[in-house]
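Reviewing the structure listed below.
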2 protein chains.
Amino acid sequence: MSENVGRWLRDEIENAILSNEFAPGERLDEMVLASRFGVSRTPVREALMQLNAIGLIEIRPRRGAVVIDPGPHRIYEMFEVMAELEGLAGSLAARRLDQASRQAITMAHKRCEQSAEAGDSDAYYYDNEEFHKAIYAASRSEFLEEQCTQLHRRLRPYRRLQLRVRNRLTTSFSEHCGIVDAIFAGDGEEARRLLRSHVGIQGERFSDLVASMATR
Amino acid sequence: MSENVGRWLRDEIENAILSNEFAPGERLDEMVLASRFGVSRTPVREALMQLNAIGLIEIRPRRGAVVIDPGPHRIYEMFEVMAELEGLAGSLAARRLDQASRQAITMAHKRCEQSAEAGDSDAYYYDNEEFHKAIYAASRSEFLEEQCTQLHRRLRPYRRLQLRVRNRLTTSFSEHCGIVDAIFAGDGEEARRLLRSHVGIQGERFSDLVASMATR
DNA sequence: GTCAACGATTGTGTATACAAGAATTGAATT
DNA sequence: AATTCAATTCTTGTATACACAATCGTTGAC
């Protein structure tokens, strides 16, 4: 339980939304949430305002809060921006790499390798996140790191779906290899290019994602 | 006065921060704000939470809110990300341009030309904003447009400072010409490249900005 | 039988009251 | 004189209460 109830609630409700416990379009009643978490309406409202600012819910004046349903098209747009930001992070990382970042990336990369070989999709999902975060950090741009982390969180559930697609685990890992090579070689433009296509959901990847979303 | 007091206050306080009425580092006392705007603490708190989410202020638990002081380095990082996003917007605009967007860009571009020729820095500041927004819209990616608009707002005061630099008006406008040409020619990669260097603050532009900030 | 209007109910928006933690000030001791 | 500790005060965090807007159901008329 974070320092104040509002932030704790924000995380709690955010997780509930991202894990699809609160479905898109669902209305979030302040009183229901308050009694569910055993608090008053005030911190609930604060949490909702923050989620609204993040873009997870929409608050229509005097009409309450509803979970936003991004829809395939908007999800595509979000991945498009994510790809661009990660590309930038990669190119900066390649230019600015230091010993600590190099180690962090190497470690995360090795963990991904193990999970991929074991075919453990859940483990890879987690390790993959650490890998990408290591690249954000290696960019040595705090603002970029924040933006990437925030967007990554919003896209988390869809990234998870992506990994369920057949052979995606090994494909993903082999792409990681190229990215690591480019960054370690100091080739910023190559790192950017590889990360963009790794993160983006061009062509069949997009239809794969839509298909996974439907069969959920 | 927007539909609810909270949002109105958010805009009000945001403007006060961006126009430097509330200086970076300054502490925002909830009671003071409440009495200043003639409301209770509740909507003030809601406004502060939103500003916190936007990244304009920092709320430390039980210790109140302070206006964030970005500092030159962080501002540089923000422009770096902004350049990347605008570059993406430009490349998408070049590929997806339709008649309406083309007209909007042309009009904004002409306005910029007039203001630049008149040497009217304030008018150019406004027209320039419209020009960039027209490109965001032309990207036909709502999410990207939102992200660009939001970041543009946060950088607004510094963009304004930039324009004060000698000859920056004409330089800026001639860069616009190239950007418009590339977009209208459907050359996405050229548009991206030009926008990146137009928005970014590499080299002497950065020191110019820092210098302007100091003499404010 | 359907549509519209009015009332009841539910839920949000704002204010106020109360509790708890942090900062500051003052005194006492070294 | 300086430093530390304690107490008071000030501000934030949470709860509760009240007011008003929106929605839904019911009733009546066409």
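Residue numbers begin at 1 in each chain, while the letters A, B, ... track the order of the sequences.
Closest to the B/R41 side chain, of the nucleotides D/dG13, D/dA15, C/dT14, is D/dG13. For B/R27, counting side-chain heavy atoms from C-beta on, the closest listed nucleotide (D/dT11, D/dA15, C/dT14) is D/dT11.
The backbone N or O of A/L97 sits nowhere less than 3.5 Å from a side-chain atom of A/S101 that would complete a donor-acceptor pair. For the pair B/N15 (side chain) and B/D11 (backbone), a donor-acceptor distance under 3.5 Å is present. Counting only distance, with no hydrogens or angles, the side chain of A/E26 and the backbone of A/A23 share a donor-acceptor pair below 3.5 Å.
A/W8 places its CH2 atom 17 Å from the P atom of D/dG13, with the value rounded to the nearest Å. In this structure, CZ of B/R62 is placed 9 Å from C1' of D/dT11, rounded to the nearest angstrom. As rounded to whole Å, 15 Å separates atom C1' of C/dT14 from atom CD of B/E30. Between the P atom of D/dT12 and the CG atom of B/L28 lies a distance of 9 Å, rounded to the nearest Å. Computed from coordinates, the B/R63 CZ to C/dA23 C1' distance equals 9 Å when rounded to whole Å. In this structure, B/R45 places its CZ atom 12 Å from C1' of D/dA15, rounding to the nearest Å. Rounded to whole Å, atom C1' of C/dT14 lies 14 Å from atom CD of A/E46. One interatomic measurement links the two molecules: CE of B/M31 to P of D/dT9, which rounds to 15 Å at whole-angstrom precision.
Between A/G6 and B/D29, the residue anchored closer to the 5' end of DNA chain D is B/D29, taking for each the nucleotide with the nearest heavy atom.
Under 4.0 angstrom from either OP1 or OP2 of C/dT14 there lies no side-chain N or O belonging to B/T42.
A cation-pi contact links B/R160 to B/Y125, judged by a cut-off of 6.0 Å to the six-membered ring centre and 45° from its axis.
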